[in-house]
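Residues: numbered from 1 along the sequence shown. Small disclaimer: the values here were computed from a predicted structure and weren't measured.
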Amino acid sequence: MMKLSRSLLSSRSQLSEKLIAGEANYVRDGLKSHVLISQAGMSTTGHDVSAKGSLGGRIFAPYYVYKGKAAFSVDPVLPTFMKLDSGDLKVKRKGVILLTFAPAIGERKYDWAKKQHFALSPTEVGSLLTMGPRDSSEFFHDPAMLSSNAGQMRKSLSIKANADGFFISLNVANNILKTNERFVVPVTTAEFAVMKTACSFALPHLMGWDRLTNQLPISRTESSSSSKVDQQFLDLEWDK
């Protein structure tokens with residue numbers, strides 16, 4: 001009887017070891033698959049997740065839409081802060097939703113070296129969020145607006161409804177180089193819904209309000225000053 005009990009205990013121990021080993025391999029394989037998926041698409045990190053579960057490096061999580069003639073990505077760019085003499089932080093530059101377009105050079109191949117950017121300000125993001133299934137919007141950017149050089153370079157982003165969703169097009173006119181680039185990407189209703197939902201989630205972060213609402217309560221009242229929104233994103237958008 002004792003020999004039988006020891007045999008059963010030994011068998012259970014071996015079975016447990018096999019199950020634990022199998023589970024460890026499963027977790028390891030799952031982590032490898034996660035890293036491969038992250039490197040290939042939606043969520044990427046500069047470094048792997050550390051043993052403590054913290055992330056090393058910056059995180060990039062663009063949303064891509066690939067179509068026959070062009071592709072574009074949607075990526076939030078967080079605001080920057082400046083430190084005041086009091087030690088407090090103030091938003092120096094509001095964030096944007098950066099749209100990056102690239103032309104197709106073959107089947108499922110895109111030339112990102114010829115990319116063009118369009119940076120949506122928080123107010124422009126609000127215009128996108130209020131669009132219905134039959135609405136259209138158009139945005140115009142000129143880095144030299146209200147100056148003698150106005151019109152030399154001009155970008156226009158158009159979002160127009162169609163039967164299956166929307167056409168999102170970017171036109172870049174450079175009168176100095178005498179060039180005119182145009183990207184047209186059809187998006188489905190589902191793809192546009194993802195864009196709107198993601199932009200809605202990101203909007204308070206673009207304004208720095210997530211930092212504001214998560215700070216510790218203070219007794220004193222701080223004054224705030226308004227800043228010019230339209231000119232804040234030009235160097236980012238026009239830097240290819």
Side-chain angles (χ1 to χ4, degrees), residues 60 62-63 65 69-85 88-103 110-131 135-160 166-185 187 195-196 198-200 202-209 211-212 222-240:
F60 300 92
Y63 175 64
V65 177
K69 294 184 178 180
F72 72 87
S73 65
V74 185
D75 208 12
V77 178
L78 296 177
T80 58
F81 296 83
M82 61 182 295
K83 194 168 186 178
L84 304 177
D85 294 337
D88 298 325
L89 295 178
K90 178 182 177 181
V91 173
K92 179 180 180 181
R93 176 175 178 170
K94 289 185 174 66
V96 298
I97 293 294
L98 191 66
L99 304 181
T100 304
F101 292 78
Y110 303 88
D111 189 355
W112 293 99
K114 296 182 179 179
K115 63 183 180 289
Q116 287 286 354
H117 298 301
F118 196 94
L120 291 173
S121 69
T123 302
E124 291 171 330
V125 170
S127 296
L128 184 148
L129 295 178
T130 58
M131 290 183 61
D135 292 338
S136 298
S137 293
E138 196 160 12
F139 309 97
F140 300 94
H141 288 183
D142 185 336
M145 187 179 295
L146 303 179
S147 73
S148 58
N149 296 323
Q152 290 184 352
M153 294 186 66
R154 194 167 182 264
K155 292 184 178 182
S156 62
L157 180 74
S158 173
I159 306 176
K160 295 183 178 180
F166 294 86
F167 283 116
I168 299 182
S169 59
L170 174 66
N171 189 75
V172 182
N174 188 328
N175 292 325
I176 300 175
L177 301 177
K178 305 299 181 181
T179 59
N180 195 338
E181 298 178 73
R182 182 173 175 81
F183 308 85
V184 179
V185 181
V187 298
M195 289 178 56
K196 290 179 65 174
C199 288
S200 178
L203 184 55
H205 299 265
L206 303 183
M207 301 168 64
W209 283 18
R211 297 284 296 272
L212 176 68
E222 297 181 357
S223 61
S224 60
S225 59
S226 60
S227 58
K228 294 182 180 179
V229 176
D230 295 338
Q231 300 297 322
Q232 289 180 339
F233 321 113
L234 296 180
D235 55 343
L236 174 65
E237 176 181 326
W238 296 89
D239 180 14
K240 295 182 63 176

Can you measure from [atom1] ([X]) to [atom2] ([Y]) and round to the nearest 0.5 angstrom?
X    : Y    : atom1 : atom2 : value
T100 : F183 : OG1   : CZ    : 10.5 Å
I168 : S158 : CD1   : OG    : 9.5 Å
K94  : T80  : NZ    : OG1   : 10.5 Å
K92  : K83  : NZ    : NZ    : 14.5 Å
K115 : L99  : NZ    : CG    : 14.5 Å
E138 : S127 : CD    : OG    : 12.5 Å

Determine the minimum heavy-atom distance between [X] and [Y], stating which atoms define it.
X    : Y    : answer
I176 : Q152 : CD1-OE1, 3.4 Å
L128 : M195 : CD1-CE, 4.5 Å
A119 : E124 : O-OE1, 3.5 Å
V91  : P79  : CG1-CB, 4.3 Å
F81  : G208 : CZ-CA, 4.1 Å
A71  : V185 : N-CG2, 4.1 Å

Are the side chains of P76 and H205 in touch, meaning some heavy atoms are under 4.5 Å apart?
->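 In short, these two side chains do not touch, never coming nearer than 4.5 Å.
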
Under 4.5 Å between any side-chain heavy atoms of R182 and N171, yes or no?
->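 They are in contact (side-chain heavy atoms under 4.5 Å apart), so the answer is yes.
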
Test log, rule side-chain contact (heavy atoms from CB on, under 4.5 Å), inputs K196 and L129 = CA-CA 6 Å; K196 290 179 65 174; L129 295 178; 4.2 Å; yes

Any donor-acceptor pair under 3.5 Å linking the side chain of D111 with the backbone of P103?
->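 Judged by distance alone, no pair lies under 3.5 Å.
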
Can any side-chain N or O of D75 pair as donor or acceptor with the backbone N or O of F60 at less than 3.5 Å?
->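 Between the backbone of F60 and the side chain of D75 there is no qualifying donor-acceptor contact (under 3.5 Å).
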
Option among F101, W112, F167, F118 that satisfies the ring pair (Phe, Tyr, Trp, His ring centres under 6.0 Å) test with F72 |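 Output: one option passes, namely F101.
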
Name of the residue among K155, Q116, K114 meeting side chain to side chain donor-acceptor pair (under 3.5 Å) with E181 |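 Passing option: Q116.
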
Positive for side chain to side chain contact (heavy atoms under 4.5 Å, CB included) with H117, one of V172, V96, L98 |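 It is L98; the other options fail the test.
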
